[in-house]
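Taking it in order: structure first as structure tokens, then the write-up.
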Amino acid sequence: MGLTSWIRGGVALASALTMGAALAQAQWPERPVRVVVPFPASGATDLIARVVTQRVAQDLGQQLVVDNKPGAGGTIGSAEVAKAAPDGYTVLFTTSSTHAISPHLMPRLSYDAAKDFTPVAHVADAPSVLLVTPSLPVKTVAE
């Protein structure tokens, strides 16, 4: 057998091994997915998360486990997810408070709301209203 035959055989073997490894990779998710809700159980975010995760679990054929981690306006659970391995098995089900409001109110958060997360889906909208007493002499948010 000549050198060319050995090279061809090596390339064929490497190709077969690589193809086998690619075919052996499991589809996501191959185990339960942890869904962190950074607010208390039975609150609005938790209730919506439970309805959504139940349907997603049916569609995926895999369990999604809701894990409530309340505290500090949702930043405790958010920080925990930011530190988790980015493998798709720990996801955050949150509101704008942890990513749009808290970064402005808490300058020393242990996570970067823009860099440490990848948005997956927009699930629901909830209107917000800012009220002040009429005796307060302001007419705009800036005032």
Side-chain angles (χ1 to χ4, degrees), residues 4-143:
T4 305
S5 297
W6 280 103
I7 292 172
R8 284 187 195 140
V11 169
L13 178 61
S15 297
L17 291 174
T18 304
M19 189 181 334
L23 294 174
Q25 291 177 347
Q27 294 286 4
W28 179 91
E30 60 182 1
R31 64 181 194 267
V33 176
R34 179 177 171 228
V35 179
V36 175
V37 176
F39 301 102
S42 298
T45 306
D46 176 63
L47 296 175
I48 294 169
R50 289 177 188 279
V51 169
V52 170
T53 57
Q54 183 179 19
R55 177 57 196 259
V56 172
Q58 290 172 353
D59 290 348
L60 290 176
Q62 186 58 262
Q63 184 179 16
L64 276 72
V65 180
V66 174
D67 186 7
N68 296 89
K69 294 287 182 176
T75 61
I76 291 174
S78 297
E80 188 171 317
V81 173
K83 294 174 189 164
D87 59 4
Y89 287 95
T90 303
V91 297
L92 181 66
F93 196 103
T94 193
T95 67
S96 61
S97 64
T98 61
H99 284 64
I101 298 170
S102 292
H104 297 288
L105 298 177
M106 303 174 184
R108 290 192 302 257
L109 284 175
S110 63
Y111 62 89
D112 184 316
K115 295 178 183 175
D116 293 340
F117 300 90
T118 301
V120 175
H122 178 96
V123 176
D125 289 312
S128 297
V129 179
L130 177 62
L131 302 171
V132 297
T133 181
S135 63
L136 191 63
V138 297
K139 299 291 182 208
T140 67
V141 173
E143 290 176 343

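This structure is a prediction, so every number in the text was calculated from the model and none was measured.
- Of the inter-residue distances, the one linking Leu109 atom CG with His104 atom NE2 reads 10.5 Å to the nearest 0.5 angstrom.
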* **Stepwise side-chain contact (heavy atoms from CB on, under 4.5 Å) test for Phe39 and Thr95** => CA-CA 10 Å; Phe39 301 102; Thr95 67; 3.6 Å; yes
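- In this structure, the separation between CG on Asp116 and CG on Leu92 is 11.5 Å, given to the nearest 0.5 Å.
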* **Steps toward side-chain contact (heavy atoms from CB on, under 4.5 Å) verdict (Val91, Val120)** => CA-CA 9 Å; Val91 297; Val120 175; 5.7 Å; no
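- Counting only heavy atoms from C-beta outward, the side chains of Trp28 and Asp87 never approach each other to under 4.5 Å.
- For Tyr111 against Ala82, the heavy-atom pair with the smallest separation is CB-CB, 3.6 Å.
- Taking NZ of Lys69 as the start and CZ of Arg34 as the end, the distance is 5.5 Å to the nearest 0.5 Å.
- Partner of Phe93 under the side-chain contact (heavy atoms from CB on, under 4.5 Å) criterion, chosen from Asp67, Val37, Val36: Val37.
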* Derivation and outcome, side-chain contact (heavy atoms from CB on, under 4.5 Å), residues Val51 and Arg55 -> CA-CA 7 Å; Val51 169; Arg55 177 57 196 259; over 6 Å; no
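- From Thr45, atom OG1 reaches atom CZ of Arg50 across 12.0 Å, with rounding to the nearest 0.5 Å.
- Of all heavy-atom pairs between Tyr89 and Glu30, the closest is OH-N, 2.9 Å.
- A search for side chain to side chain donor-acceptor pair (under 3.5 Å) contacts involving Asp112 returns nothing, not counting sequence neighbours.
- The heavy-atom pair separating Gly73 from Ser97 by the smallest distance is O-OG, 4.0 Å.
- From Thr90, atom OG1 reaches atom NZ of Lys83 across 13.5 Å, with rounding to the nearest 0.5 Å.
- Taking all atoms of both residues into account, the shortest heavy-atom contact from Ser78 to His99 is OG-CE1, 4.2 Å.
- Minimum heavy-atom separation, Pro38 to Thr94: CG-OG1, 3.6 Å.
- Of all heavy-atom pairs spanning Ala113 and Pro103, the tightest one is CB-CG, 3.9 Å.
- Residues that satisfy the side-chain contact (heavy atoms from CB on, under 4.5 Å) test with Leu136, not counting sequence neighbours, are Val132, Thr133, Val138.
- The distance from atom OG1 of Thr98 to atom CE of Met106, rounded to the nearest 0.5 Å, is 10.0 Å.
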